[in-house]
Protein chains: 2
Amino acid sequence: MAWEIQVKVNEDLYLRNPENSELGKNIVNHGVQMIDQMGLEEFTFKKLASRLKTNESSIYRYFESKHRLLLYFFEWYWRWMEYQLMFNANNVSDPIEKINIVLRVLMLKQDNMLVPGELMDKEALHRIVIKEASKTYLTKHVTEDNQKQFFKPYKDFNAKIAAIIHEYNPDYKYSKSLSSTVIEMVHYQYFFMQNLPSLTDFGVSKDENEIINFLKELILSCKRN
Amino acid sequence: MAWEIQVKVNEDLYLRNPENSELGKNIVNHGVQMIDQMGLEEFTFKKLASRLKTNESSIYRYFESKHRLLLYFFEWYWRWMEYQLMFNANNVSDPIEKINIVLRVLMLKQDNMLVPGELMDKEALHRIVIKEASKTYLTKHVTEDNQKQFFKPYKDFNAKIAAIIHEYNPDYKYSKSLSSTVIEMVHYQYFFMQNLPSLTDFGVSKDENEIINFLKELILSCKRN
DNA sequence: ACCAAATCGAAAGTATTACTACTATATCAA
DNA sequence: TTGATATAGTAGTAATACTTTCGATTTGGT
């Protein structure tokens, strides 16, 4: 490829930019894989270091804490989502069609999403966001992290969806809340489907696209009720 | 009072029933207060012990881990919620009125909710559930905990709401998913409102009842769209 | 009133986590 | 050759999440 998408992440999240060195790239790559495989609580820098055949302290030179590494992934994910949305919704003017695109993007159902040989494993990242993302903000120090703008990509993406909802129905009063509801529910319904199935109407064997339909109806019905 | 509501919690959650002793009651009481004040991650059995002027090991005789204590609160909360719903919806037959009641109960807006002198501080518990509940199931061992029935009260409550939605519109295909969406969103919108306000249409100063209205519309609009 | 069992408190110990600090080496470009 | 940058290694700290042991006290039944 002659071009590449560069996802820009808040510089305050890292001590040294992981994009600029082999070790850094490995930390990010294998970090995603390991958190996906073993879950956030089991994952430690020590284990990551031993997998990379290096030392704990080397990793701390890139990220000052596990939490910051998670925030890095979280930022990266939403910036990348924003790009996907922008790219796929380009030249589309019909709000309903835009809503379709939003949902497909959120469910990782876009064709061009998996570029072979690319740095970040998007499917693993998606699973991490589903399972671990809320832990980035359900903390004592949300306000602090928010002031440092760590949630900006997430909020920006939210604002984009809210704008599309507003476009679809300018009279609707709760476009921001509906937007955050839909975004969170893409993840929650997916998680419930796999782990607490009695909380959903979707089965793993059934088509996941049913989730899209459920959420689509939720959005579309904000008009005339 | 000549009567009292007894909330029954899964016996596998504790080693010794905390209801049966002073120390046990104190663990539960002060546990709620402390988690509410300092957040789950800061909270430790050591700190709780020192507050109760006792020893860490004494607490471990009641709950084998912090996680189990959290699950205890979580179970207790949803069993109590179920009771509140049953009590308040008694003799009500109109599904729309039932939906109103569900939302008021979920938002802790029932009059009879705060009984002075009662063991459990419901407002603190409510805040804990908003902020920490998802941590009970967003773990490596969800499946295991689920098999041990630790999420049963939560799932039962969900099923009740789903049944009411079904009653309101028997043709709707996603009553379970809509139910879990609404329950989670009561908490999320509340949390966002207080901590990441750009993700909602509600301000702290404004009436929280707007959340009820948003969710009510969400449910009611599942008919005819 | 007495004995056994239940309960509690205190102390100490373990493995692991989430770091920090300090030092040493390898690479490469001016 | 110098020096900046990247990486590596060792050691150490404070705290967490427990477990174990042991002795003292309380309690409940006969």
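Per chain, numbering begins at 1; letters A, B, ... match sequence-line order.
Backbone-only contact: A:S21 has heavy atoms under 4.0 Å from sugar-phosphate atoms and none from a base. Here B:K46 lies out of heavy-atom contact (under 4.0 Å) with every strand. Residue B:Y62 is classed as a sugar-phosphate contact, given heavy-atom separations below 4.0 Å to backbone atoms only.
Between B:F63 atom CZ and C:dC8 atom P there is a gap of 13 Å when expressed in whole angstrom units. Atom pair B:K66:NZ and D:dC18:P shows a separation of 9 Å (rounding to whole Å applied). Counting to the nearest Å, the C1' atom of C:dA18 and the CD atom of B:E41 are 14 Å from each other. Going from atom CG of B:L48 over to atom P of D:dT16 covers 13 Å, rounded to whole Å. Separating the CG atom of A:L52 from the P atom of D:dG9 is a distance of 12 Å, rounded to the nearest angstrom. Computed from coordinates, the B:N20 CG to C:dT7 P distance equals 8 Å when rounded to whole Å. Rounded to whole Å, atom P of C:dT17 lies 8 Å from atom CD of A:E42. Between B:E22 atom CD and D:dT26 atom P there is a gap of 15 Å when expressed in whole angstrom units.
Note on B:S58: a side-chain N or O is less than 4.0 Å away from OP1 or OP2 of C:dG9.
Here the options are B:Y190, B:F192, B:F191, the test is ring-ring contact (aromatic ring centres under 6.0 Å, His included), and the partner is B:Y188; only B:F192 passes.
The base of C:dA6 does not come close enough to the side chain of B:R61 for any donor and acceptor atom to sit less than 3.5 Å apart. Between the base of D:dC18 and the side chain of B:E56 there is a donor-acceptor pair shorter than 3.5 Å. Taking 3.5 Å as the limit, the base of C:dG9 and the side chain of B:T54 contain no donor-acceptor pair of atoms between them.
Ring pair B:Y174/A:F202: centre-to-centre distance below 6.0 Å.
Around NZ of A:K135, the count of heavy atoms belonging to other residues, nucleotides or ligands within 6.0 Å exceeds 12. Within a 6.0 Å radius of NZ in A:K148, other residues, nucleotides and ligands contribute more than 12 heavy atoms.
In the set C:dA18, C:dC8, D:dT7, C:dA18 carries the atom at the smallest distance from any side-chain atom of A:Y60. Ranking D:dA6, C:dA11, D:dA17 by closeness to the B:S57 side chain, first place goes to C:dA11.
Salt-bridge check for B:D156 with B:R79: passed, with a basic side-chain N closer than 4.0 Å to an acidic carboxylate O.
Each of B:N55 and A:H67 was matched to the nucleotide of DNA chain C holding its nearest heavy atom; the match closer to the 5' end belongs to B:N55.
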